[in-house]
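Notes follow the structure.
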Amino acid sequence: MHPVIEIIKSRRSVREYRDKEVEGELLHLILEAGCNAPSAHNAQPWYFGIVKGEKKEKISGAIREYYKKMVFGLNSVLEQSARIIDSAPVIITVWNHCPLSSRIEKIKDIPPEYKGIIRDYEIQSISAAIENMWIAATALGLGMAWLGITVFCEKEIKELLNIRGNLITILSVGYPKGELSRTKRISLERIAIFYQ
Ligand SMILES: Cc1cc2nc3c(=O)[nH]c(=O)nc-3n(C[C@H](O)[C@H](O)[C@H](O)COP(=O)(O)O)c2cc1C
């Protein structure tokens with residue numbers, strides 16, 4: 001199998017990490033993979049807040065405080081995210097600085113659906129950056145998890161990091177602990193339509 005395909009297929013959500021720091025050079029390579037992603041209008045709408053130690057503990061603490069106040073039941077998924085963040089030596093908070101959507105906001109009489117399309121472009125671009133980072137981490141022997149649920153706590157995390165923009169997700173990064181189970185995939189026959 002081609003090595004790139006092999007790495008793509010071996011990527012997994014890693015939710016428990018060994019007690020081992022991620023080397024600075026490796027973290028750097030992962031972030032470089034992220035910022036080499038394609039983006040709509042090459043706007044590169046992403047930026048990354050890299051968090052370790054006490055600040056990271058504050059983030060998992062804020063997530064726990066948040067779900068205690070929730071009116072509907074996402075407690076267990078948020079608690080799982082807090083535990084993953086505690087287990088990982090480092091997390092990457094991923095933000096949208098909205099270079100396209102903030103510009104379009106200022107145009108008078110723009111149809112509202114245009115705003116949604118432009119915002120989707122930013123999200124698609126940032127998702128490409130996230131996947132690049134995840135594949136790079138896998139190739140470097142590291143594991144990652146995409147903790148999308150943490151956006152519920154955007155306001156609290158933003159305050160802790162004193163950062164502007166929209167929180168897209170938190171990525172946990174570290175050396176995987178234990179066996180990684182394979183997740184099922186829908187077969188190609190069911191999802192790909194080949195036209196003559
Ligand atoms: C947009 C998005 C949000 C996700 N949010 C979470 C999350 O909050 N918590 C979590 O444990 N995994 C989260 N995941 C990971 C998925 O659950 C995971 O990718 C999927 O189950 C397939 O497993 P695999 O990554 O091991 O192949 C998220 C993935 C994506 C793309």
Side-chain angles (χ1 to χ4, degrees), residues 1 3-18 30 33-34 37-40 45-49 51 56 59-70 72-96 98 101 116 119-158 160-161 165-188 190-192:
M1 201 189 295
V4 172
I5 305 297
E6 214 165 304
I7 289 160
I8 288 171
K9 288 182 100 170
S10 67
R11 183 212 52 78
R12 290 283 174 286
S13 290
V14 173
R15 298 186 173 94
E16 213 184 342
Y17 300 92
R18 280 163 54 201
I30 291 170
S39 61
W46 47 73
Y47 62 99
F48 310 121
V51 192
K56 184 172 72 67
I59 290 180
S60 56
I63 293 170
R64 290 190 170 103
E65 282 306 310
Y66 179 86
Y67 74 64
K68 282 186 205 153
K69 291 182 272 174
M70 271 188 119
F72 59 102
L74 286 173
N75 309 32
S76 61
V77 215
L78 280 163
E79 173 53 32
Q80 186 202 37
S81 286
R83 252 186 281 125
I84 296 169
I85 291 170
D86 286 340
S87 165
V90 60
I91 59 171
I92 302 173
T93 60
V94 181
W95 302 83
N96 179 9
C98 308
S101 53
R119 167 134 173 109
D120 285 353
Y121 277 172
E122 289 169 344
I123 308 292
Q124 288 169 36
S125 307
I126 296 167
S127 299
I130 295 170
E131 180 67 358
N132 265 16
M133 290 195 276
W134 208 342
I135 298 300
T138 308
L140 296 168
L142 287 155
M144 202 177 254
W146 180 328
L147 305 173
I149 192 79
T150 56
V151 293
F152 277 92
C153 314
E154 176 178 13
K155 188 172 150 278
E156 290 73 9
I157 296 167
K158 209 184 239 184
L160 279 171
L161 300 182
N166 298 140
L167 180 64
I168 301 300
T169 196
I170 290 182
L171 305 170
S172 52
V173 190
Y175 287 93
K177 187 175 177 181
E179 284 296 299
L180 301 174
S181 53
R182 206 177 136 62
T183 45
K184 282 206 185 97
R185 287 294 176 266
I186 300 168
S187 71
L188 257 189
R190 285 181 55 198
I191 51 112

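Only this structure's heavy atoms are used, side chains among them; waters, hydrogens and symmetry mates stay out. Residue numbers run from 1 in the order of the sequence given. Both counts, for ligands and for their atoms, begin at 1 and track the order of listing.
Residue pairs meeting the salt bridge (Lys or Arg N to Asp or Glu O under 4.0 Å) criterion with at least one partner in residues 6-15, sequence neighbours excluded, do not occur; the list is empty. Each salt bridge (Lys or Arg N to Asp or Glu O under 4.0 Å) pair with one or both residues in residues 76-91, not counting sequence neighbours, appears once here: Arg64-Glu79, Arg64-Asp86, Glu79-Arg83.
Within 4.0 Å of ligand 1, contacts by protein heavy atoms are made from Arg11, Arg12, Ser13, Arg15, Gln80, Trp134, Trp146, Leu147, Gly148, Ile149, Thr183, Arg185.
Applying the salt bridge (Lys or Arg N to Asp or Glu O under 4.0 Å) criterion to Lys184, with sequence neighbours excluded, gives no partner residue.
A heavy-atom distance below 4.5 Å is not found between the side chains of Trp146 and Ser13.
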Checklist entry - Given the rule in the side chain to side chain contact (heavy atoms under 4.5 Å, CB included) test, do Ile170 and Ile59 qualify, once you have shown the distances and angles that lead to the verdict? => result CA-CA 10 Å; Ile170 290 182; Ile59 290 180; 4.0 Å; yes
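Of the possible donor and acceptor atoms, none in the side chain of Thr169 sits under 3.5 Å from a partner among the backbone N and O of Val94.
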